[in-house]
Colleague: 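Let me begin by handing over the structure; questions about it come next.
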Amino acid sequence: MRDRLQRIRAEPEHYTPAQWDIVARCGIFASRQDYLEMLRELCFSLAEQKIEEHFQRPDIELLQMVRVLDEFDEVINLLTERLTEWYKVKRPDFSRKYRNLPAKKMIAVMRRGQGGVFRAMLDEIERMGELRTSLMRDVSSGADLLMPNCSALVGGLVAARLLSYAGGLPELARLPGSAIQVLGARTALFSHIRGGSPPPKHGIIFQHRRVHNAPLRVRGRVSRTLAAKLGIAARLDYYRGAEDKEFLRNADEAVKRAGEDQ
Amino acid sequence: MIWVEGVLVSKGAGGVYGERILQGCRVWDPYRSKLAAMYYLGTGPELEPDQIVLYLGAANGTTVSHVADSTAVVYAVEYAPRPMQDLLEVARRRKNIVPIMADATRPMEYALLMESVDLVYQDVAQPDQVSIALKNSIFLKPGGKLVLMLKTRSIDVSRSPPEVLAEAKEGLLAGGMRVEETIWLTPYHQDHAALICTRE
């Protein structure tokens, strides 16, 4: 019944919605209750089929993985910061000034001579860091597989984040380059549209070294070019699914040219 | 509508989304539901126990569950898979909800599942809200009501909400709907207006 229904097409010019008294006269359903039960059964099965199809898309899992990764980072940083504050109470003479201590080193410093719950929490954060690294590898290799062209242009992680902001690979493939350029800069974009403030030059693609290493004067141009090429790359990834060496070479060249001070 | 000590409620099995229960009835919060906000502002068509409703933009089924408490059948249309999972769960326990997973901009895709309805309620975050409402008015009986929750910011963030509302009213009028009343949903919801219309 489900498959039969999907083959029938309704046309707006000839359509009139069903009326219960006419349906009743057909004599198929003993009562309106029967009719509704049957209809509900059909609708449930249609919806369940569609949901299943959606969650079987390979990009949907990658999207969730990269969101977990980003939130994991946030949690690790937050806890490290808070434990540092706690450490300063335990050791009033400790200061981070003039010592360039990244989070990882900070944990090693704090662990020295400490025990109990404090130490156990530090160990836990370290383990979370290891987990994070292996998740990052999974995301990165997943993106290489699913979006070879985008990953070749900006790296697997940034490609996966673009995917997450767009909501899926087909959605990303349908975006124009100008939208890809500001994906992840929602607040700045809307404050620009609503009134006056300058438009954002870049969103998530800022994380790519060629954008954030570019001199300020040409950064807008670099991110514009890169985003345009990413738009094409996403379409290649979605509709073809294989790496296009020639396109990548040309795209690389174009982005490099955009970064040269003219 | 049922009011208990000045609080809007509906009668039905509780516990759908952790709503408060007042004298055995489910409290219907105007800050969560735009439809409830409209009733709090003292307007809108009453929900009747024999009504058939088409609900566009059903989301998690929170408001849908209240509408289903007060009417005969609710055809609930939702497009996104995540909220649809929740909606199915609500519909499993409320036998008068028909959950339809489809795109409200393409009514012909679910037209075969539909029947004539007394009320179309629409709450979708799309730029073409007016055209969605008009396309779905084919399901509406003559004289039937359309309640359109206009999200002005979804239509155009850069234009002022009253301007967007005026344009929406014109669009509905041109499409054969008589706009009987419009009301802003402040203080419950910002930049949202309820448009109550009748099909000619």
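Every chain is numbered from 1 and lettered A, B, ... according to where its sequence line falls, protein lines coming before strand lines.
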Colleague: Select one option (side chain, backbone, both, neither) describing which atoms of Ile8(A) are under 4.5 Å from chain B's heavy atoms.
Modeller: both

Colleague: Look at the side chain of Arg194(A) and the backbone N and O of Arg159(B), then say whether any donor-acceptor pair between them is shorter than 3.5 Å.
Modeller: no

Colleague: If every non-hydrogen atom of Ile97(B) is compared with every non-hydrogen atom of Arg40(A), which pair is closest and at what distance?
Modeller: O-NH1, 2.7 Å

Colleague: Please determine whether the number of non-hydrogen atoms from other residues, nucleotides or ligands lying under 6.0 Å from atom CD of Gln64(A) exceeds 12.
Modeller: yes

Colleague: Please step through side chain to side chain contact (heavy atoms under 4.5 Å, CB included) for the pair Leu113(B) and Leu42(A), ending with a clear verdict.
Modeller: CA-CA 9 Å; Leu113(B) 303 166; Leu42(A) 178 64; 3.7 Å; yes

Colleague: Heavy atoms only: give me the nearest Gln19(A)-Ser116(B) pair and the separation to one decimal.
Modeller: NE2-OG, 2.7 Å

Colleague: Nearest 0.5 Å, what's the CG-CD distance between Leu5(A) and Glu109(B)?
Modeller: 11.0 Å

Colleague: Quick check on Tyr40(B): does its OH atom have over 12 non-hydrogen neighbours (other residues, nucleotides or ligands) under 6.0 Å away?
Modeller: yes

Colleague: Does atom CD (Gln33(A)) have a neighbourhood of more than 12 heavy atoms from anything else shown, all under 6.0 Å?
Modeller: no

Colleague: For Ala111(B), is there any backbone N or O sitting under 3.5 Å from a side-chain donor or acceptor partner on Tyr15(A)?
Modeller: yes

Colleague: Is chain A contacted by the side chain of Leu87(B), its backbone, both, or neither, given a heavy-atom distance below 4.5 Å?
Modeller: neither

Colleague: Is it true that, when you exclude Arg32(A) itself, more than 12 heavy atoms of the residues, nucleotides or ligands shown sit nearer than 6.0 Å to its CZ?
Modeller: yes

Colleague: Walk me through whether Leu39(A) and Tyr75(B) qualify under side chain to side chain contact (heavy atoms under 4.5 Å, CB included).
Modeller: CA-CA 11 Å; Leu39(A) 181 66; Tyr75(B) 291 86; 3.6 Å; yes

Colleague: Considering only heavy atoms and a distance below 4.5 Å, find which of Lys135(B), Lys141(B), Arg92(B) pairs most often with chain A.
Modeller: Arg92(B)

Colleague: Heavy-atom cut-off 4.5 Å, strictly under: side chain, backbone, both or neither for Arg106(B) against chain A?
Modeller: neither

Colleague: Does Glu48(B) have more than 12 heavy atoms from other residues, nucleotides or ligands lying within 6.0 Å of its CD?
Modeller: yes

Colleague: So does Met1(B) have more than 12 non-hydrogen atoms from other groups sitting under 6.0 Å from CE?
Modeller: yes

Colleague: If I measure from the heavy atoms of chain B, does Glu37(A) come under 4.5 Å with its side chain, its backbone, both, or neither?
Modeller: neither

Colleague: Can you say whether Ile51(A) sits under 4.5 Å from chain B via the side chain, the backbone, both, or neither, judging by heavy atoms?
Modeller: both

Colleague: Look only at the side chain of Lys50(A) and the backbone of Met101(B), and say whether a donor-acceptor pair between them is shorter than 3.5 Å.
Modeller: yes

Colleague: Testing the basics here: between Glu48(A) and Leu88(B), what is the closest heavy-atom pair and its distance to 0.1 Å?
Modeller: CG-CD1, 4.0 Å

Colleague: Picking from Lys95(B), Met84(B), Arg82(B), which has the most non-hydrogen pairs under 4.5 angstrom with chain A?
Modeller: Lys95(B)

Colleague: Could you tell me which portion of Gln85(B) (side chain, backbone, both or neither) has an atom closer than 4.5 angstrom to a non-hydrogen atom of chain A?
Modeller: both

Colleague: Is Ile193(A) in contact with chain B via its backbone, its side chain, both, or neither, using a 4.5 Å heavy-atom distance?
Modeller: both

Colleague: Using heavy-atom distances under 4.5 Å, tell me whether Ala91(B) contacts chain A through its side chain, its backbone, both, or neither.
Modeller: both

Colleague: Search all heavy atoms of Cys43(A) against all heavy atoms of Pro99(B) and return the closest pair with its distance.
Modeller: CB-O, 3.0 Å

Colleague: Just checking Tyr165(A): does its OH atom have more than 12 heavy atoms from other residues, nucleotides or ligands closer to it than 6.0 angstrom?
Modeller: no

Colleague: In sequence, state the C-alpha distance, the side-chain angles, and the governing distance for Thr16(A) and Ile138(B), and then conclude on side chain to side chain contact (heavy atoms under 4.5 Å, CB included).
Modeller: CA-CA 8 Å; Thr16(A) 32; Ile138(B) 48 164; over 6 Å; no

Colleague: Under a 4.5 Å heavy-atom cut-off, does chain A meet the side chain of Val73(B), its backbone, both or neither?
Modeller: side chain

Colleague: To the nearest 0.5 angstrom, please state how far the CG atom of Leu112(B) sits from the CZ atom of Arg9(A).
Modeller: 9.0 Å

